[in-house]
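Each remark here refers to the structure printed beneath this line.
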Amino acid sequence: MKRNPDSIVNVLGKTLYVDDLPENAGMLHGAVVLSPSAHGRYSGLDESKALALDPSVRVLVAKDVPGQNQLGSAVLDEALLAEGDWHYHGQVLALVLASSRVLARRAAARVQILGREDLPAVTDPREAFKRGDIILSPRTQRMGDPEAAYKDCALVLEGRVESGGQEHVYLETQGAIAWPEDSGGARVISGTQSPAATQKIVARVLGVPMNRVEIETRRLGGAFGGKEDQANGWAALAALGAVKSGKPVKVYLNRRDDMLATGKRHPYSSDFKIGLSADGMILAFEADYYQNAGAACDLSPAILPRTLFHAAGAYRVPNVRVTGTMCRTNLVPFTAFRGFGGPQGLFVMESAIEQAAAVLGMDPVEIQRKNLLKTGDSFHYGQDVEDARAEATVTRCLQKARYETLRAEITAFNAAHKDLKRGAAAFPLCFGISFTKIMMNQGGSLVHVYNDGSVSVATGAIEMGQGVGRKIAIVSASTLGAPLASIRIDSTRTSTVANTMPTAASTGADINVMAAKVACDEIRKRLIGVAAARLGVEPSAVALEAGRVYLNAGAAATGSEARRDAGLSFADLVNLAYEQRVDLSAHGFYATPGLHFDMKSEKGHPFLYHVYGCAVISATVDTLRGSYQFDDAFIVHDIANSIDPIVDMGQIEGGFAQGLGWAALEELKFDDKGLLVSNTLSTYKLPDAHFMPRMDVEFYDKPNPTVVANSKAVGEPPLMYGIAGYFAVLDALKAAKPGKKGFYDLPMTPEKALRFLADDEPKEQGS
Amino acid sequence: MKRVIRFRLNTRLYEEEVQDEALALDWIRSTAGLKGTKEGCREGDCGACLVLMGGRAADGSTEWKGVTSCTLGMGDLDGRHIITIEGLAADGLTPVMEAMLDEGASQCGFCSPGFILALTGFLVSGVSIDPVAAMAAVEGNLCRCTGYGSIRRAAATLCADFADLPAGLAPRLALLASRKVLPPELAALMASPPEALGVAEAAFASIHPADPARVTIGGGTDYYVRNPDPEPDTAPRFSDQAPEARAIRKALVSGQAILELGAAVNTDDFFSSLLVRAMAPGIERFASDIASPPIRARATLTGNIANASPIADMTAILIALGARLVLEGDPGGERLVELPDFFLGYKKLDLHAGERIRGIVLPGEPVMFNFEKAAKRARLDIATVNSAIAVRMAADGSIAAARYAVGGVAPVPLRLKEAEALLIGKKPSAALARQLGALAYEAGSPISDVRGASRYRRRLMERLAWAHCIRLWPELRLEEELLA
């Protein structure tokens, strides 16, 4: 079974996403009324024109919420439905129900805001910081003494770095369907990465205990972090509508509403100071990160520390001081997005290196190579560097890209061309794996073996295209000794596996595969006991493999007697166990071992392991127009032992594409009043096939003994390779303008490129 | 408006009363109940809703194109055949699906039906079956999961496996059926689309000044972006897609050769016309700068004009080519308007009550042509600015005639007569390019918006002026001096 059964359903067009499920008769559809500006007050809503449109129309507002009108988790600062004011463009003011979606949308457009008064909006995190409008407290991590170290530096540089937000553009927009329950609760099918968190919020909004709310998630049409916390509101609105109307309610956003109303990757504005020796050794690094958190806390407190943890990138820096602050602005609450604060921190370090290299007259690659982490070094957060793979992957990637030759070719090309300039850059990756909040590193499973030999595996993992189901199936099959085709991964339901964590932080496979394995091990033990009794041998002599029972399992080791098929299939054995009243179900639980972190000292062991890798990207800039294209991307990625190479290749290429989009294409734009102006796919451009370079990806496959199947998490790390794309274009631009100082304002755009090439002022009237 | 139309969906023939303005996407999903066609953006920008549409081409033959069903009105399905993923999957996995599977090209799967339909459409209609052409065929499809590596590998596999496709539609359909790309029952129906029930109306009225709610739409690729949930009482009327309205003809008027373009000529028709290509050699290479394959298959030139976007690519191209509009009044009177003069102000047209655009007239003399477009993304993006130029050279190497169009720097598309005056009589040189650039830099009154700052637009105007000169006279190697 080489082909992923999930994908077979996909290509046949049969996969049922939220909006594809059969609709019950009488189902109502919800549409939302969104705030029209970034900050404002209002006295109420005039619903009369909406109600007049059709008898099925009903408008729900904050006062209709039976429980708490509150979406916040870390901080209770986010209303589900606005109560007299709004704090960002796209905040939900009302839910409009009607008998069809088009009718609901037309009705929502007819709801009038009364007494609207726009208030001043803050969009710049530094301005919010100056006003003291921050969320929780700033966090600082330190190692050594940068101030003292600067005295020994040949070069000390300071600079400012900006990085923009990023819209997830999961192709399936946010949505949920809720059915009212006679308990006062609801059953909800939700497009969420975190059913347990959604369950908690829905229960809170309905004012019922969690046991009266069931959340089921089947499969997501993409998520990338955007459906971690941000899915909760839509499920809560659907549940609210269902409970108030007594009918099933579907809330499914159109793209524009989704882009306006849901959080995205955090924009950051940062200052850095770096000190190096004359030969390019990094001796000290300091940074202040002003995280634009948006109007509400959301997941910002979890995202910020990941920026700090990754501040020094893949480099050994003996003296570090990094401080991050969550700044509250009048923009949509920013949220999780693949990389989770890591990319923003890494871009600052790479910007510092690029600038330092320019001053020292070195190729940035030289500084990158000289400072790579080695086993035995220490991360600035106190964790020892174990099994470092930075040098191995970087060396291999530079070799693969023929870096020296590539440099020479680029130099020759640039000497011969005025209208085109080429550039290249490398990015060494080191990314920590585990939820940075220690308690989140846990997961459960429930495995049922049915008496026909088929197996159902339920975990907390959400399948969203990343192939986690495939990995769980492969490991479950091998653990049970069942045929791979007999495994079915169940939908994720809060009533099947409780208190699960979001499928996020790249840990979906690590945690949930382990939880499934624990349950499968238990069932396997019982089955082997049944087989041993039947065959009259010791359990140690029985093996279960790929659907068959074998005798003399240890034979190969002892050499006494050849292993042979015992004449029992997996299904026969299951049926035997069933007849003998042996439990064919098991619950599994896994908590990642060895993690600890002290928030006070900001030291500990927050990551189970790190993922390494390297990308070398080349680009060609059209110096006349400022446009550019990416030519080649060479990637060597530390995948360790790949459970499914096709799935992993897809994660690496796909993650890289999102990173390249973030770095050099996708421009999330708000106007100076805080209105989102890139609010459709015609104004927000993400990579298409034409944009992507040739990709040559190689697995670095040294096993990782710290997790199941010796594999490594793969979801987020490859995204960071996109950072090399920014610097490849900058390298080409600098070839056109030798000696000109670079700019560090991600994403790269043709506009910024042409401004650089034409020596136009960075900011001018009306820009 | 409700009316009865005749169309085929997969293998089933419908004679059905439909709401004219309703989106085909909604009808397919809700009324026909086929959920494999996905809504990703509802504005033609992602391809998740892509379906194959069969119908009559300008020459009366049967043509198959991928189109976005979110910008397709039900009223336009009369006489057409639509294929969705369910139609392709009727007999199980096809080689296109298998290629996607084997490469892992379907991750979350939401975009997969659209890609599979686009690639299948490519095998049905593609002229050259090679990986570059195959990937060009999916330029209207976005995938957020794969990074396109696996899709490229799948496309390459398909091209290798189907390198031997015959040229004509009928033999090709037969071969694709025999090799299971198309279910045989479906393939057998694809050569002949159903006859339309509606009456052809061979003209296109853009915006009705007396009744702004009553618009007639061309392909709908602009209209539905602005009206994603059209109100039933603002029902648009559909322009005729009958072959004669899509014709591009050569005619002689007072001894001068001209080209006449029908009201329903779409972007594909324009760039594939041999008459257009003869008039502006090499113009077809700019087709890929415009929108995407499914949009080009639907977007009409007159619709692009009537939509009156200051940044309309086809409008800029047509201004440079010297287009005039044939406007037909209700009593049957006719007048010709120079295209630049048709735009009175932002979205304001020189169109009298009851008048409609019946066609476009282009001068027939051959010109040297260049089109420049600056956008954030090279494919399927709206221009930040655009510019088109057409020149004729005198025997002595000087410029005998020039037309210069710019978009995105004013409330209307502009013809830069000063630029033309500067060029005429001069020999191309770097100095002339600089003068042209300086003039273009000052053109219009560009604003700052999501696509770029005003200063950037001015700088682009200068650079695109240089680019025109570099591309029109490559032998002069003007870039050496301009970029020194």
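Hydrogens, waters and symmetry mates are skipped; everything else that's a heavy atom, side chains included, is used. Every chain is numbered from 1 and lettered A, B, ... according to where its sequence line falls, protein lines coming before strand lines.
Of the two parts of B:Leu482, neither the backbone nor the side chain holds a non-hydrogen atom closer than 4.5 Å to a non-hydrogen atom of chain A. If you measure heavy-atom distances from A:His168 to chain B, the contacts under 4.5 Å come from the backbone alone. Of the atoms belonging to B:Glu479, heavy atoms from both backbone and side chain fall under 4.5 Å from chain A. The contact between B:Ala375 and chain A is made entirely by backbone atoms, counting heavy-atom distances below 4.5 Å. Interface remark: B:Arg379 contributes backbone and side-chain atoms alike to the contact with chain A (heavy atom separation under 4.5 Å). Neither the backbone nor the side chain of A:Glu463 comes within contact range of chain B; no heavy atom of the residue lies under 4.5 Å from a heavy atom of that chain. Proximity to chain B is limited to the side chain of A:Lys669, based on heavy atoms less than 4.5 angstrom apart. With a threshold of 4.5 angstrom between heavy atoms, A:Leu171 approaches chain B through its backbone and through its side chain. Using a 4.5 Å cut-off between heavy atoms, A:Tyr252 contacts chain B through its side chain alone, with no backbone atom that close. For A:Ile8, the parts sitting under 4.5 Å from any heavy atom of chain B are the backbone and the side chain alike. Residue contact with chain B, scored on non-hydrogen atoms closer than 4.5 Å, is absent for A:Pro645. Looking at A:Arg105, the atoms closer than 4.5 Å to chain B (heavy atoms on both sides) all sit in the side chain, from C-beta outward. Residue B:Ala467 touches chain A through both its backbone and its side chain, counting heavy-atom pairs closer than 4.5 Å. For chain B, the nearby part of A:Met464 is the backbone; its heavy atoms alone come within less than 4.5 Å. For a residue to count as touching a neighbouring chain, one of its non-hydrogen atoms must lie under 4.5 Å from one of that chain's; by this rule B:Ser106 touches chain A with backbone and side chain alike.
Counting heavy-atom pairs under 4.5 Å between each of A:Gly650, A:Ala109, A:Ala736 and chain B puts A:Gly650 at the top. Per-residue counts of heavy-atom pairs under 4.5 Å with chain B were compared for A:Met649, A:Arg256, A:Arg110, A:Met259; the largest is that of A:Arg110. Put simply, of A:Thr623, A:Leu757, A:Thr15, A:Asp671, the one with the most heavy-atom pairs under 4.5 Å next to chain B is A:Thr623. When each of B:Glu462, B:Glu86, B:Arg459 is checked for heavy-atom pairs under 4.5 Å with chain A, B:Arg459 comes out on top. Annotation: maximal heavy-atom pairing with chain B below 4.5 Å, among A:Val102, A:Leu624, A:Asp419, occurs at A:Leu624. Counting heavy-atom pairs closer than 4.5 Å to chain A, the top-ranked of the candidates B:Lys376, B:Gln107, B:Glu39 is B:Gln107. Per-residue counts of heavy-atom pairs under 4.5 Å with chain B were compared for A:Asp6, A:Thr173, A:Asp19; the largest is that of A:Asp19. Ranked by heavy-atom pairs under 4.5 Å with chain A, the first of B:Arg451, B:Met100, B:Arg457 is B:Arg451. Of the residues considered (B:Met135, B:Glu139, B:Glu372, B:Glu103), B:Glu372 shows the highest number of contacts with chain A, using heavy-atom pairs under 4.5 Å. If you tally non-hydrogen atom pairs under 4.5 Å between each of B:Asp102, B:Ile116, B:Ile85 and chain A, the highest count goes to B:Asp102. Ranked by heavy-atom pairs shorter than 4.5 Å toward chain A, the options B:Gly36, B:Gly452, B:Ala484 are led by B:Gly452. Across A:Leu681, A:Asp258, A:Val677, A:Thr683, the residue that shares the most heavy-atom pairs under 4.5 angstrom with chain B is A:Leu681.
Screening B:Thr384, B:Asn386, B:Asp313 for a side-chain hydrogen bond (donor to acceptor under 3.5 Å, both in side chains) involving B:Lys373 leaves a single residue, B:Asp313.
With hydrogens and angles ignored, the 3.5 Å screen pairs a side-chain donor or acceptor of B:Tyr224 with a backbone N or O of B:Glu21. With hydrogens and angles disregarded, no donor-acceptor distance shorter than 3.5 Å links the side chain of A:Lys250 to the backbone of A:Gly175. With hydrogens and angles ignored, the 3.5 Å screen pairs no side-chain donor or acceptor of A:Tyr17 with any backbone N or O of A:Gly191. Using a distance-only test at 3.5 Å, with no hydrogens or angles considered, a donor-acceptor pair links the side chain of A:Arg106 to the main chain of B:Pro230. B:Ser292 contributes no side-chain N or O that, together with a main-chain N or O of B:Gly140, makes up a donor-acceptor pair within less than 3.5 Å.
Contact check on B:Arg153 versus A:Glu653 returns a salt bridge, with a Lys/Arg side-chain nitrogen under 4.0 Å from an Asp/Glu carboxylate oxygen. Under 4.0 Å is where a charged nitrogen must lie from a carboxylate oxygen, and between B:Asp26 and A:Arg101 no such pair does. For A:Asp648 and A:Lys471, the salt-bridge test passes: some basic side-chain N is under 4.0 Å from an acidic carboxylate O. With respect to the salt-bridge test (charged N to carboxylate O, under 4.0 angstrom), the residues A:Glu172 and A:Lys227 qualify.
Within the 4.5 Å cutoff, no side-chain heavy atoms of B:Cys111 are placed close to those of B:Arg144. Looking only at side-chain heavy atoms (C-beta outward), B:Leu34 and B:Asn10 come within less than 4.5 Å of each other. Contact check for A:His690 versus B:Arg377: no side-chain heavy atoms found under the 4.5 Å cut-off.
Ring geometry, A:Phe224 versus A:Phe337: the interplanar angle falls under 30°, so the pair is classed parallel (tilted spans 30 to 60°).
Among all heavy-atom pairs drawn from B:Arg29 and B:Thr37, the shortest one is NH1-O, 2.9 Å.
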**Prompt:** Does the pair A:Asp20 and B:Lys38 meet the rule for a salt bridge (Lys or Arg N to Asp or Glu O under 4.0 Å), with working shown?
**Reply:** CA-CA 9 Å; A:Asp20 303 331; B:Lys38 308 297 184 192; 2.4 Å; yes

